[in-house]
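Before any comments, here is the structure.
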Amino acid sequence: MHRSVRSMSAAITVALTTGLLTATVPTAHAAAGATLPFTSVEAESATTTGTRIGPDFTQGTLASEASGRQAVRIGSGQRVEFTVPRAANAVNVAYSVPDGQSGALNVYVNGTRLTRTLPVTSKYSYVDTSWIPGARTHHFFDNARLVLGQNVQAGDKVAFESTGTQATLDVADFEQVAAATGQPAGSVSVTSKGADPSGNGDSTQAFRDAISAAQGGVVWIPPGDYRLTSSLSGVQNVTLQGAGSWHSIVHTSRFIDQSGSSGGVHIKDFAVVGEVTERVDSSPDNFVNGSLGPGSSVSGMWLQHLKVGLWLTGNNDNLVVENNRFLDMTADGLNLNGNARGVRVRNNFLRNQGDDALAMWSLYAPDTDSSFENNTITQPNLANGIAIYGGTDITVRNNLVSDTNALGSGIAISNQKFLDPFFPLAGTITVTGNTLVRTGAMNPNWNHPMGALRVDSYDSAINATVAITDTTITDSPYSAFEFVSGGGQGHPVRNVTVDGATVRTTGTVVVQAEAQGAATVRNVTATSVGAAGVYNCPYPANSGTFTLTDGGGNSGWSSTWSDCSTWPQPGQGNPDPDPNRNLAKGRPATATGSQDVYTPGKAVDGDANSYWESANNAFPQSWTVDLGAAEPVRRLVLKLPPQSAWQARTQTVTVLGSTDGSAYSTVVGAQGHRFDPASGNTATVSLPSGTSLRYLRLSVSANTGWPAGQFSEVEAYRTP
């Protein structure tokens with residue numbers, strides 16, 4: 001979905017969970033997440049001759065989109081060796097290679113190199129969505145799978161070695177793939193209608209003919225690769241069945257595209273792999289676009305390299321979507337786009353979606369009595385793990401969401417409408433038994449974060465009953481629960497109850513309240529809270545108060561952040577989870593002047609290619625950043641864009657500091673600092689021991705290369 005939501009970089013490191021995903025991710029209870037046919041092993045927990053990267057929560061960095069915010073980079077001849085956690089004969093690897101590059105990784109089993117290799121490519125990565133505010137190039141990772149050709153046992157070693165192309169390995173999924181199933185009796189095989197299982201010929205018409213011939217029965221897709229050049233339509237009262245998602249593969253970016261169906265469509269047990277490399281919202285580059293009709297189902301599917309897995313409109317009553325894998329979409333994994341009644345989406349695995357992984361959007365009609373249950377979602381790289389935009393009597397139960405990035409929360413319950421006519425939240429919204437790990441992100445327009453679980457009266461008041469129960473939130477980089485009116489209109493959030501939650505390690509607060517309204521919170525226990533228990537400050541200012549009622553049984557988060565003029569920085573009140581972070585990144589910046597689009601914030605946006613430039617021919621000029629709290633700054637790194645077009649220059653800079661934003665004192669007197677693109681266009685300034693400042697000001701009195709002050713990045717560190 002095209003959504004005008006926001007994102008921002010944030011350099012945060014928190015306590016991280018590594019190793020086997022199925023063994024070490026904390027859960028609210030045994031039912032959280034999907035039951036999966038594979039076991040995941042993180043690359044950072046493997047043996048390697050490469051370099052571990054991360055942890056990093058900074059939007060636009062490779063590690064920030066990785067599972068666990070860590071991965072391993074290997075160059076030519078370097079390898080990552082995984083210990084196999086259980087019997088397997090196949091593996092799927094999440095990886096990244098530099099933009100514009102492709103290659104292959106050698107594969108070793110117990111030290112013996114296989115003849116087959118694992119192909120890697122950047123073709124489906126590095127997606128740009130410049131029309132979404134706050135977005136930037138993202139979607140760095142991709143997935144590639146391989147049948148090993150032999151059985152390996154628990155404790156065996158499987159290694160991947162770079163053959164020249166640099167690769168970053170994130171996680172390996174080890175799986176015992178069953179043999180291909182046989183053709184159901186009485187079914188119509190697509191090959192009997194002329195489909196080409198080699199993938200060379202166009203099988204579109206053969207699929208259409210088989211569907212027509214099999215009305216009320218089964219269309220059989222035998223093992224093989226099939227190429228479709230256009231979408232299927234008029235699909236109803238039929239089952240499309242393959243021999244298994246590792247055996248029957250359909251190559252198309254548009255499988256079914258139809259606005260309506262009488263229903264009874266059952267799609268199962270094959271793969272649909274597309275060729276979508278960019279996100280184009282006007283194109284129906286989806287596995288299913290439109291409607292399957294009432295009483296339909298989708299199960300056992302492997303869906304990859306599409307814009308959206310299922311973009312569902314029209315009548316999809318009582319649809320069941322279960323036991324599927326959604327990988328590498330450039331937008332949503334699944335979106336119930338209005339008029340969904342009794343839909344069940346359960347036990348699916350979603351990795352590396354380019355928007356909300358699972359969403360319900362009540363456009364044109366309300367989604368009603370529908371649920372997302374027992375799904376495992378990881379690494380949505382531009383929005384929420386699960387998003388409920390309006391609807392009546394919706395349930396979000398027993399899901400496991402991890403590693404949201406840039407624009408989203410783990411779970412968002414929202415009245416953000418995007419378009420009209422929209423049907424706001426109504427009835428009872430049940431959010432229960434969910435586990436959220438490393439979820440939440442910095443918001444650039446608000447200039448502070450979104451929580452792991454967000455209730456958002458974005459475009460209208462929340463009047464539904466929102467019941468949040470039995471939640472586990474672990475390693476949230478910012479807050480655990482957020483109540484906000486994100487559209488800036490101050491709409492109230494009402495009728496919310498949080499009952500039963502375990503919060504382990506939040507970067508800032510447990511409850512982030514920024515709207516008028518009320519919530520009752522009971523039986524919420526927290527440990528390792530970064531700054532304070534509660535941040536209760538209206539957004540926008542003076543828009544009304546939020547009443548937080550203590551229902552009893554709460555512990556570990558009784559304090560309140562006292563200064564609504566500033567957002568708490570991660571780690572205040574506790575040891576900072578990342579003592580080496582850039583204190584200036586993403587903080588509010590001002591200047592005595594700026595030229596055209598080269599505004600002060602460009603110097604703290606994390607992008608070395610954008611820059612602040614002061615008014616010309618008017619020295620001295622100053623640039624100031626608010627670090628949010630008094631900090632012991634020992635080192636500054638000043639940057640100009642690294643391109644060779646920026647000729648070498650010397651800027652004369654005075655460093656000043658203040659604790660209140662009014663009285664400034666000189667920290668480092670005027671010095672000339674040389675910026676040379678041949679050596680990175682970077683200058684380092686050491687600050688005296690004992691320096692403590694909240695407001696950092698750089699006064700530029702001369703520049704040999706241009707008649708203005710210029711910085712592409714100003715970085716501030718506690719370490720010398």
Would you name the heavy atoms of [X] and [Y] that are closest together and state the gap between them?
{"X": "Val714", "Y": "Ala584", "result": "O-CB, 3.4 Å"}
{"X": "Ala708", "Y": "Glu613", "result": "CB-CG, 3.9 Å"}
{"X": "Val496", "Y": "Val455", "result": "CG2-CG1, 4.3 Å"}
{"X": "Gly410", "Y": "Val401", "result": "O-CG1, 3.8 Å"}
{"X": "Thr566", "Y": "Trp561", "result": "O-NE1, 3.1 Å"}
{"X": "Pro642", "Y": "Pro677", "result": "O-CB, 4.2 Å"}

By side-chain contact (heavy atoms from CB on, under 4.5 Å), which residues pair with [X], not counting sequence neighbours?
{"X": "Ser610", "value": "Lys602, Asp605, Asp607"}
{"X": "Ala452", "value": "Leu436, Thr439, Ile473, Ser476"}
{"X": "Asn536", "value": "Ala513, Val534, Phe546"}

Query raised in the report: Charged N to carboxylate O under 4.0 angstrom, Arg694 versus Asp626?
Result: yes
Query raised in the report: Are Arg279 and Asp355 within salt-bridge range, i.e. N to O under 4.0 Å?
Result: yes
Residues [X] and [Y]: side-chain donor-acceptor under 3.5 angstrom:
{"X": "Asp128", "Y": "Ser130", "value": "no"}
{"X": "Ser64", "Y": "Asn405", "value": "yes"}
{"X": "Thr121", "Y": "Ser102", "value": "yes"}
{"X": "Ser122", "Y": "Gln101", "value": "no"}

Flag side-chain contact, heavy atom, 4.5 Å: [X] against [Y]:
{"X": "Ser686", "Y": "Arg634", "answer": "no"}
{"X": "Leu62", "Y": "Ser96", "answer": "yes"}
{"X": "Thr652", "Y": "Val700", "answer": "no"}
{"X": "Asn582", "Y": "Tyr717", "answer": "yes"}
{"X": "Leu636", "Y": "Leu687", "answer": "yes"}
{"X": "Val280", "Y": "Lys307", "answer": "no"}
{"X": "Thr129", "Y": "Leu382", "answer": "yes"}
{"X": "Asn352", "Y": "Asn381", "answer": "yes"}

Heavy-atom donor-acceptor pair, [X] side chain to [Y] backbone, under 3.5 Å:
{"X": "Thr592", "Y": "Ser622", "answer": "yes"}
{"X": "Ser485", "Y": "Ser457", "answer": "yes"}
{"X": "Arg697", "Y": "Gly657", "answer": "no"}
{"X": "Ser658", "Y": "Asp660", "answer": "yes"}
{"X": "Thr545", "Y": "Gln516", "answer": "no"}
{"X": "His138", "Y": "Arg136", "answer": "yes"}
{"X": "Thr691", "Y": "Pro632", "answer": "no"}

Query raised in the report: Does Phe141 have its ring centroid less than 6.0 Å away from the ring centroid of Tyr95?
Result: no
Query raised in the report: Going through the distances and angles, do Leu696 and Thr624 end up as a side-chain contact (heavy atoms from CB on, under 4.5 Å)?
Result: CA-CA 6 Å; Leu696 168 67; Thr624 304; over 6 Å; no
To the nearest 0.5 Å, what is the distance between [atom1] on [X] and [atom2] on [Y]?
{"X": "Ser701", "Y": "Gln621", "atom1": "OG", "atom2": "CD", "answer": "11.0 Å"}
{"X": "Thr61", "Y": "Arg69", "atom1": "OG1", "atom2": "CZ", "answer": "8.5 Å"}
{"X": "Gln59", "Y": "Met442", "atom1": "CD", "atom2": "CE", "answer": "11.5 Å"}
{"X": "Tyr458", "Y": "His491", "atom1": "OH", "atom2": "NE2", "answer": "10.5 Å"}
{"X": "Arg635", "Y": "Arg718", "atom1": "CZ", "atom2": "CZ", "answer": "12.5 Å"}
{"X": "Ile53", "Y": "Gln70", "atom1": "CD1", "atom2": "CD", "answer": "9.0 Å"}

Query raised in the report: Taking it one step at a time, do Gln643 and Asn609 satisfy side chain to side chain donor-acceptor pair (under 3.5 Å)?
Result: CA-CA 8 Å; Gln643 299 94 331; Asn609 296 298; 3.1 Å; yes
Query raised in the report: Angle class for the Phe711/Trp612 ring planes (parallel below 30°, perpendicular above 60°, tilted otherwise)?
Result: parallel
Query - Test applied, side chain to side chain donor-acceptor pair (under 3.5 Å); reference residue, Arg438; option that passes from Thr505, Asp475, Asp403 - result: Asp403
Query raised in the report: Where do Asp99 and Phe140 land on the side-chain contact (heavy atoms from CB on, under 4.5 Å) test, with the steps shown first?
Result: CA-CA 9 Å; Asp99 196 8; Phe140 301 129; over 6 Å; no
Requested in this report: Apply ring-ring contact (aromatic ring centres under 6.0 Å, His included) to the pair Tyr535 and Trp567, showing each step before the final yes or no.
Outcome: CA-CA 8 Å; Tyr535 173 93; Trp567 175 255; 4.3 Å; yes
Query - Residue pairs, two or more places apart or on separate chains, that pass salt bridge (Lys or Arg N to Asp or Glu O under 4.0 Å) and touch residues 477-486 - result: none
Query raised in the report: Among pairs that include at least one residue of residues 639-659, which meet salt bridge (Lys or Arg N to Asp or Glu O under 4.0 Å), considering only residues two or more places apart or in two chains?
Result: Lys639-Glu715
Query raised in the report: Are more than 12 heavy atoms from other residues, nucleotides or ligands located less than 6.0 Å from atom CG of Asp420?
Result: yes
Requested in this report: Please indicate whether Gln647 has more than 12 foreign heavy atoms, meaning atoms of other residues, nucleotides or ligands, lying under 6.0 Å from its CD.
Outcome: no
Report task. Apply the test side-chain contact (heavy atoms from CB on, under 4.5 Å) to residues Asp456 and Asn415: give CA-CA distance (whole Å), side-chain angles for both, the deciding distance (0.1 Å), then the verdict. Result -> CA-CA 6 Å; Asp456 190 349; Asn415 271 345; over 6 Å; no
Query raised in the report: Between Thr378, Ile377, Thr474, which is the residue that forms a side-chain contact (heavy atoms from CB on, under 4.5 Å) with Ser402?
Result: Thr378
Query raised in the report: ring pair (Phe, Tyr, Trp, His ring centres under 6.0 Å): which pairs involve residues 642-699, sequence neighbours left out?
Result: Tyr611-Trp646
Requested in this report: Give the C-alpha distance, both sets of side-chain angles, the deciding distance and a yes or no for side chain to side chain donor-acceptor pair (under 3.5 Å) between Asp332 and Gln353.
Outcome: CA-CA 6 Å; Asp332 303 58; Gln353 313 303 306; over 6 Å; no
Report task. Kindly determine whether Asp356 and Ile386 satisfy side-chain contact (heavy atoms from CB on, under 4.5 Å), including the steps that lead there. Result -> CA-CA 6 Å; Asp356 295 324; Ile386 292 174; over 6 Å; no
